[in-house]
Amino acid sequence: MKQSLDYKLIFALAAVGIIWGTTFLGIRVAVETIPPWFVTSIRQGLAGMIMMIILLFKKELKWIGWENLKHQLVPSILMIVVANGFTTVAEQTVPSGLASVISAMAPILIFLGSILVKLQKPSLKGFVGVIIGFSGVVFIFKDGLASFLDADYRIGMMFMGFAITAWAGGTIYTKIHGNKSKNIILNLFYQFTMASCIQIVLAFIFSPTIDVDLWSTKSILAALYLSIFGSVIAFFSYNYALKHVTPVQVSILAYINTIIAVFFGWLILDEKITIDFIIATFLIILGVFIINYKKKEKPALQK
(Lines give C-alpha, C1' and ligand atoms only; values in the text may rest on other atoms or scores of the structure.)
Protein backbone atom coordinates (compact mmCIF):
# COMPACT_ATOMS: atom_id res chain seq x y z
CA MET A 1 0.00 0.00 0.00
CA LYS A 2 1.47 3.35 -1.06
CA GLN A 3 1.94 5.99 1.58
CA SER A 4 0.32 9.32 0.66
CA LEU A 5 2.43 12.44 0.63
CA ASP A 6 2.20 14.70 3.68
CA TYR A 7 1.65 18.01 1.91
CA LYS A 8 1.61 19.95 5.19
CA LEU A 9 5.06 18.58 6.01
CA ILE A 10 6.34 19.37 2.51
CA PHE A 11 5.03 22.94 2.81
CA ALA A 12 6.57 23.30 6.30
CA LEU A 13 9.99 22.10 5.12
CA ALA A 14 9.83 24.35 2.04
CA ALA A 15 8.89 27.35 4.20
CA VAL A 16 11.82 26.73 6.55
CA GLY A 17 14.27 26.23 3.68
CA ILE A 18 13.19 29.27 1.66
CA ILE A 19 12.16 31.84 4.30
CA TRP A 20 15.12 31.38 6.63
CA GLY A 21 17.35 31.63 3.57
CA THR A 22 16.10 35.20 3.10
CA THR A 23 16.39 36.22 6.74
CA PHE A 24 20.19 36.60 6.59
CA LEU A 25 19.67 39.39 4.05
CA GLY A 26 16.75 40.77 6.08
CA ILE A 27 18.81 40.94 9.27
CA ARG A 28 21.68 42.65 7.45
CA VAL A 29 19.30 45.33 6.14
CA ALA A 30 17.54 45.76 9.50
CA VAL A 31 20.74 46.32 11.53
CA GLU A 32 21.95 48.99 9.10
CA THR A 33 20.06 51.64 11.13
CA ILE A 34 18.34 49.77 14.01
CA PRO A 35 20.38 48.45 16.99
CA PRO A 36 20.39 44.62 16.82
CA TRP A 37 18.66 43.89 20.13
CA PHE A 38 15.87 46.29 19.17
CA VAL A 39 15.53 44.41 15.87
CA THR A 40 15.11 41.11 17.72
CA SER A 41 12.75 42.47 20.39
CA ILE A 42 10.53 44.12 17.74
CA ARG A 43 10.64 40.95 15.65
CA GLN A 44 9.65 38.60 18.47
CA GLY A 45 7.28 41.04 20.18
CA LEU A 46 5.23 41.53 17.00
CA ALA A 47 5.35 37.76 16.34
CA GLY A 48 3.98 37.15 19.86
CA MET A 49 1.15 39.62 19.26
CA ILE A 50 0.23 37.89 15.99
CA MET A 51 0.17 34.53 17.75
CA MET A 52 -2.01 36.03 20.50
CA ILE A 53 -4.53 37.36 17.95
CA ILE A 54 -4.72 33.94 16.29
CA LEU A 55 -5.23 32.25 19.67
CA LEU A 56 -7.94 34.74 20.69
CA PHE A 57 -9.72 34.19 17.37
CA LYS A 58 -9.59 30.41 17.89
CA LYS A 59 -10.45 30.81 21.61
CA GLU A 60 -7.33 28.84 22.55
CA LEU A 61 -5.39 31.45 24.56
CA LYS A 62 -4.83 29.96 28.01
CA TRP A 63 -2.33 29.41 30.82
CA ILE A 64 -0.14 26.40 30.02
CA GLY A 65 1.00 25.61 33.55
CA TRP A 66 4.41 25.98 35.15
CA GLU A 67 5.72 22.63 33.89
CA ASN A 68 4.97 23.39 30.24
CA LEU A 69 6.16 26.98 30.69
CA LYS A 70 9.56 25.57 31.66
CA HIS A 71 9.59 23.48 28.48
CA GLN A 72 8.87 26.63 26.44
CA LEU A 73 11.37 28.81 28.31
CA VAL A 74 14.36 26.61 27.37
CA PRO A 75 13.91 26.80 23.54
CA SER A 76 12.86 30.44 23.90
CA ILE A 77 16.21 31.32 25.48
CA LEU A 78 18.34 28.97 23.36
CA MET A 79 16.75 29.37 19.91
CA ILE A 80 15.29 32.89 20.01
CA VAL A 81 17.22 34.95 22.56
CA VAL A 82 20.68 33.43 22.04
CA ALA A 83 20.66 31.91 18.53
CA ASN A 84 18.51 34.49 16.79
CA GLY A 85 19.72 37.39 18.92
CA PHE A 86 23.43 36.62 18.59
CA THR A 87 23.09 36.08 14.84
CA THR A 88 21.50 39.53 14.57
CA VAL A 89 24.30 41.09 16.62
CA ALA A 90 26.93 39.24 14.57
CA GLU A 91 25.59 40.56 11.27
CA GLN A 92 26.71 44.04 12.25
CA THR A 93 30.25 42.91 11.41
CA VAL A 94 29.80 39.58 9.59
CA PRO A 95 28.42 39.61 6.01
CA SER A 96 25.09 37.82 5.59
CA GLY A 97 26.64 35.24 3.25
CA LEU A 98 29.34 34.37 5.74
CA ALA A 99 26.75 34.18 8.53
CA SER A 100 24.78 31.66 6.47
CA VAL A 101 27.93 29.52 6.04
CA ILE A 102 28.49 29.42 9.79
CA SER A 103 24.82 28.64 10.40
CA ALA A 104 25.13 25.71 8.00
CA MET A 105 27.36 24.06 10.60
CA ALA A 106 24.35 23.61 12.90
CA PRO A 107 23.33 20.22 11.38
CA ILE A 108 26.71 18.81 12.35
CA LEU A 109 26.18 19.83 15.98
CA ILE A 110 22.58 18.57 15.91
CA PHE A 111 23.66 15.25 14.41
CA LEU A 112 26.33 14.78 17.08
CA GLY A 113 24.03 16.01 19.84
CA SER A 114 21.21 13.69 18.74
CA ILE A 115 23.61 10.76 18.98
CA LEU A 116 24.79 11.94 22.41
CA VAL A 117 21.24 12.02 23.84
CA LYS A 118 20.34 8.82 21.93
CA LEU A 119 17.73 10.42 19.69
CA GLN A 120 19.33 8.52 16.85
CA LYS A 121 22.03 5.94 16.33
CA PRO A 122 25.45 6.88 14.96
CA SER A 123 25.99 5.90 11.36
CA LEU A 124 28.74 6.32 8.82
CA LYS A 125 26.09 7.27 6.27
CA GLY A 126 24.91 10.16 8.44
CA PHE A 127 28.42 11.49 9.03
CA VAL A 128 29.27 11.24 5.33
CA GLY A 129 26.04 13.03 4.35
CA VAL A 130 26.58 15.91 6.75
CA ILE A 131 30.23 16.34 5.71
CA ILE A 132 29.42 16.26 1.98
CA GLY A 133 26.60 18.74 2.45
CA PHE A 134 28.78 21.12 4.44
CA SER A 135 31.60 20.80 1.89
CA GLY A 136 29.13 22.15 -0.66
CA VAL A 137 28.48 25.19 1.51
CA VAL A 138 32.21 25.77 1.94
CA PHE A 139 32.69 25.38 -1.82
CA ILE A 140 30.33 28.30 -2.45
CA PHE A 141 32.37 30.62 -0.25
CA LYS A 142 35.83 29.11 -0.67
CA ASP A 143 37.18 32.36 -2.09
CA GLY A 144 35.99 34.26 0.99
CA LEU A 145 37.15 31.92 3.73
CA ALA A 146 40.05 34.25 4.52
CA SER A 147 37.45 36.43 6.25
CA PHE A 148 37.52 33.95 9.14
CA LEU A 149 41.00 35.20 10.01
CA ASP A 150 40.12 38.90 9.77
CA ALA A 151 40.28 40.63 13.16
CA ASP A 152 37.18 42.70 12.30
CA TYR A 153 35.07 39.56 12.20
CA ARG A 154 36.35 37.79 15.32
CA ILE A 155 33.68 39.07 17.73
CA GLY A 156 30.97 38.41 15.17
CA MET A 157 32.34 34.92 14.59
CA MET A 158 32.28 34.27 18.33
CA PHE A 159 28.63 35.31 18.49
CA MET A 160 27.83 33.04 15.52
CA GLY A 161 29.54 30.15 17.30
CA PHE A 162 27.33 30.67 20.37
CA ALA A 163 24.31 31.04 18.07
CA ILE A 164 24.65 27.71 16.26
CA THR A 165 25.47 25.85 19.49
CA ALA A 166 22.35 27.27 21.14
CA TRP A 167 20.25 26.48 18.06
CA ALA A 168 21.41 22.87 18.10
CA GLY A 169 20.63 22.53 21.81
CA GLY A 170 17.18 24.11 21.39
CA THR A 171 16.33 21.89 18.43
CA ILE A 172 17.22 18.72 20.30
CA TYR A 173 15.35 19.87 23.44
CA THR A 174 12.25 20.70 21.35
CA LYS A 175 12.34 17.27 19.72
CA ILE A 176 12.50 15.56 23.13
CA HIS A 177 9.86 17.67 24.90
CA GLY A 178 7.82 19.12 22.01
CA ASN A 179 5.18 16.40 21.99
CA LYS A 180 4.19 17.17 25.58
CA SER A 181 2.04 20.03 24.27
CA LYS A 182 0.23 19.69 20.95
CA ASN A 183 -0.65 23.37 20.43
CA ILE A 184 2.31 24.79 18.49
CA ILE A 185 0.80 28.29 18.22
CA LEU A 186 0.24 28.50 21.99
CA ASN A 187 3.78 27.30 22.65
CA LEU A 188 5.25 29.84 20.24
CA PHE A 189 3.15 32.65 21.78
CA TYR A 190 4.85 32.00 25.12
CA GLN A 191 8.28 31.54 23.50
CA PHE A 192 8.10 34.78 21.48
CA THR A 193 6.66 36.79 24.38
CA MET A 194 9.29 35.63 26.88
CA ALA A 195 12.10 36.16 24.36
CA SER A 196 10.87 39.65 23.47
CA CYS A 197 10.78 40.66 27.15
CA ILE A 198 14.37 39.49 27.65
CA GLN A 199 15.55 41.11 24.42
CA ILE A 200 13.96 44.52 25.10
CA VAL A 201 15.88 44.61 28.42
CA LEU A 202 19.10 43.76 26.56
CA ALA A 203 18.26 46.42 23.95
CA PHE A 204 18.09 49.20 26.54
CA ILE A 205 21.22 47.88 28.30
CA PHE A 206 23.37 47.88 25.14
CA SER A 207 21.68 50.87 23.45
CA PRO A 208 20.55 53.15 26.31
CA THR A 209 20.18 56.16 24.01
CA ILE A 210 18.17 55.59 20.86
CA ASP A 211 17.03 57.88 18.07
CA VAL A 212 14.10 56.34 16.21
CA ASP A 213 14.34 59.11 13.61
CA LEU A 214 17.56 57.47 12.39
CA TRP A 215 15.76 54.20 11.66
CA SER A 216 15.30 53.96 7.91
CA THR A 217 12.08 52.78 6.27
CA LYS A 218 14.06 49.98 4.64
CA SER A 219 15.32 48.71 8.01
CA ILE A 220 11.84 48.92 9.58
CA LEU A 221 10.30 46.97 6.68
CA ALA A 222 13.08 44.38 7.03
CA ALA A 223 12.27 44.01 10.76
CA LEU A 224 8.57 43.55 9.91
CA TYR A 225 9.46 40.92 7.32
CA LEU A 226 11.62 39.10 9.86
CA SER A 227 8.73 39.12 12.32
CA ILE A 228 5.92 37.90 10.05
CA PHE A 229 7.84 35.52 7.83
CA GLY A 230 11.08 34.76 9.70
CA SER A 231 9.38 34.23 13.08
CA VAL A 232 5.64 33.50 12.75
CA ILE A 233 5.57 31.39 9.58
CA ALA A 234 9.05 29.84 9.67
CA PHE A 235 9.13 29.00 13.40
CA PHE A 236 5.65 27.44 13.18
CA SER A 237 6.80 25.39 10.17
CA TYR A 238 10.03 24.37 11.94
CA ASN A 239 8.17 23.17 15.05
CA TYR A 240 5.61 21.34 12.91
CA ALA A 241 8.38 19.60 10.96
CA LEU A 242 10.17 18.58 14.18
CA LYS A 243 7.07 16.63 15.21
CA HIS A 244 7.26 14.54 12.03
CA VAL A 245 10.94 14.08 11.16
CA THR A 246 14.28 13.88 12.98
CA PRO A 247 16.18 17.02 14.09
CA VAL A 248 19.00 16.24 11.61
CA GLN A 249 16.55 15.95 8.71
CA VAL A 250 15.06 19.36 9.54
CA SER A 251 18.41 21.00 10.32
CA ILE A 252 19.88 19.91 7.01
CA LEU A 253 17.71 22.66 5.52
CA ALA A 254 20.43 25.03 6.73
CA TYR A 255 22.24 24.08 3.52
CA ILE A 256 19.19 25.09 1.47
CA ASN A 257 19.08 28.35 3.43
CA THR A 258 22.59 29.09 2.23
CA ILE A 259 21.70 28.47 -1.42
CA ILE A 260 18.72 30.81 -1.05
CA ALA A 261 20.99 33.42 0.56
CA VAL A 262 23.37 33.20 -2.41
CA PHE A 263 20.45 33.38 -4.86
CA PHE A 264 19.19 36.61 -3.33
CA GLY A 265 22.73 37.96 -3.40
CA TRP A 266 22.64 37.34 -7.15
CA LEU A 267 19.11 38.73 -7.55
CA ILE A 268 19.54 41.88 -5.46
CA LEU A 269 23.29 42.52 -5.51
CA ASP A 270 23.95 41.25 -9.07
CA GLU A 271 26.39 38.59 -7.86
CA LYS A 272 27.27 35.98 -10.47
CA ILE A 273 26.26 32.33 -10.20
CA THR A 274 29.39 30.47 -11.25
CA ILE A 275 30.29 26.87 -11.99
CA ASP A 276 31.38 26.69 -8.34
CA PHE A 277 27.81 27.40 -7.29
CA ILE A 278 26.47 24.62 -9.54
CA ILE A 279 29.00 22.13 -8.12
CA ALA A 280 28.19 23.24 -4.57
CA THR A 281 24.46 22.80 -5.20
CA PHE A 282 25.10 19.23 -6.35
CA LEU A 283 27.16 18.49 -3.21
CA ILE A 284 24.47 19.90 -0.92
CA ILE A 285 21.66 17.96 -2.57
CA LEU A 286 23.82 14.81 -2.46
CA GLY A 287 24.44 15.33 1.26
CA VAL A 288 20.72 15.79 1.95
CA PHE A 289 19.95 12.63 -0.06
CA ILE A 290 22.55 10.50 1.76
CA ILE A 291 21.30 11.52 5.21
CA ASN A 292 17.63 10.98 4.37
CA TYR A 293 17.90 7.89 2.15
CA LYS A 294 16.51 4.71 3.63
CA LYS A 295 16.39 1.32 1.97
CA LYS A 296 12.93 -0.13 1.54
CA GLU A 297 12.43 -3.00 3.90
CA LYS A 298 11.60 -6.27 2.19
CA PRO A 299 8.34 -7.84 3.36
CA ALA A 300 8.93 -10.73 5.74
CA LEU A 301 8.38 -14.18 4.24
CA GLN A 302 5.45 -16.00 5.71
CA LYS A 303 6.18 -19.47 7.01
Side-chain angles (χ1 to χ4, degrees), residues 6-20 22-23 26-27 30 34 36-85 87-88 166-167 170-171 173-204 212 215 217 219-245 250:
D6 186 342
Y7 290 103
K8 288 182 180 179
L9 178 58
I10 292 171
F11 176 82
L13 292 171
V16 172
I18 295 170
I19 293 173
W20 275 343
T22 65
T23 55
I27 290 171
I34 305 176
W37 286 112
F38 277 105
V39 171
T40 59
S41 61
I42 291 169
R43 173 180 176 177
Q44 314 311 342
L46 182 57
M49 289 176 61
I50 293 171
M51 291 298 187
M52 183 178 69
I53 292 169
I54 294 171
L55 290 166
L56 287 170
F57 180 77
K58 297 176 70 175
K59 296 181 180 179
E60 293 179 353
L61 183 61
K62 61 183 179 180
W63 170 241
I64 56 174
W66 291 109
E67 184 67 21
N68 193 23
L69 185 70
K70 181 189 72 174
H71 291 315
Q72 303 313 316
L73 179 61
V74 174
S76 176
I77 291 175
L78 290 176
M79 301 179 76
I80 304 177
V81 176
V82 179
N84 181 259
T87 298
T88 304
W167 185 265
T171 297
Y173 185 90
T174 301
K175 182 63 181 179
I176 294 172
H177 299 283
N179 291 328
K180 293 180 180 178
S181 176
K182 303 295 182 183
N183 194 328
I184 296 175
I185 297 176
L186 186 63
N187 292 344
L188 287 176
F189 162 70
Y190 280 95
Q191 288 184 27
F192 287 141
T193 303
M194 290 186 290
S196 181
C197 291
I198 295 171
Q199 289 169 333
I200 195 65
V201 172
L202 292 172
F204 280 107
V212 179
W215 297 4
T217 301
S219 291
I220 293 171
L221 289 175
L224 291 176
Y225 173 82
L226 290 169
S227 177
I228 296 169
F229 289 90
S231 288
V232 174
I233 297 175
F235 265 94
F236 177 87
S237 299
Y238 190 78
N239 279 268
Y240 178 87
L242 275 178
K243 288 180 177 291
H244 295 82
V245 294
V250 179

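Below, each value reflects all heavy atoms present in this structure, side chains not excepted, and no hydrogens, waters or symmetry copies.
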Can you check side-chain contact (heavy atoms from CB on, under 4.5 Å) on Glu60 and Leu186, steps first, answer last?
CA-CA 8 Å; Glu60 293 179 353; Leu186 186 63; over 6 Å; no
I'd like to know whether Tyr225 forms a side chain to side chain donor-acceptor pair (under 3.5 Å) with Thr22, so could you lay out the CA-CA distance, the side-chain angles of the two residues, the decisive distance to 0.1 Å, and finally the verdict.
CA-CA 10 Å; Tyr225 173 82; Thr22 65; 2.5 Å; yes
[X] [atom1] to [Y] [atom2] distance, which is reported to the nearest 0.5 Å:
X      : Y      : atom1 : atom2 : answer
Leu61  : Ile54  : CG    : CD1   : 11.5 Å
Leu226 : Thr23  : CG    : OG1   : 6.5 Å
Ile19  : Ile228 : CD1   : CD1   : 11.0 Å
Leu242 : Ile184 : CG    : CD1   : 9.0 Å
Phe192 : Met194 : CZ    : CE    : 11.0 Å
Leu55  : Ile185 : CG    : CD1   : 6.0 Å

Side-chain donor-acceptor pair under 3.5 Å between Gln191 and Asn187, yes or no?
no
Would you say the side chain of Tyr190 lies within less than 4.5 Å of the side chain of Ile64, judging by non-hydrogen atoms?
yes
Is the shortest side-chain heavy-atom distance between Trp37 and Phe204 below 4.5 Å?
no
What are the two closest non-hydrogen atoms of [X] and [Y], and how far apart are they?
X      : Y      : result
Leu13  : Ala241 : CD2-CB, 3.8 Å
Ser237 : Ala12  : CB-O, 3.4 Å
Ala166 : Val82  : CB-CG1, 3.5 Å
Leu78  : Gly170 : CD1-N, 3.7 Å
Ala222 : Gly26  : CB-O, 3.5 Å
Met51  : Leu188 : CE-CD1, 3.7 Å

So does [Y] get a backbone contact from the side chain of [X], meaning a donor-acceptor N/O pair under 3.5 Å?
X      : Y      : value
Ser196 : Ser41  : yes
Thr193 : Phe189 : yes
Ser227 : Ala223 : no
Gln199 : Gly45  : no
Trp20  : Gly230 : yes

Relative to each other, are the rings of [X] and [Y] parallel, tilted or perpendicular (30° and 60° limits)?
X      : Y      : answer
Tyr173 : His71  : tilted
Phe235 : Trp167 : perpendicular
Phe236 : Tyr240 : parallel

Please assess Ile198 against Ile77 for the test side-chain contact (heavy atoms from CB on, under 4.5 Å), listing each intermediate value before the final yes or no.
CA-CA 9 Å; Ile198 295 171; Ile77 291 175; 4.2 Å; yes
Under the side-chain contact (heavy atoms from CB on, under 4.5 Å) test against Met79, which residue among Asn239, Val74, Thr171, Asn84 passes?
Thr171
side-chain contact (heavy atoms from CB on, under 4.5 Å) evaluation trace for Trp63 with Leu69:
CA-CA 9 Å; Trp63 170 241; Leu69 185 70; 3.8 Å; yes
Could you please spell out the steps behind the side-chain contact (heavy atoms from CB on, under 4.5 Å) verdict for Arg43 and Ile80?
CA-CA 10 Å; Arg43 173 180 176 177; Ile80 304 177; over 6 Å; no
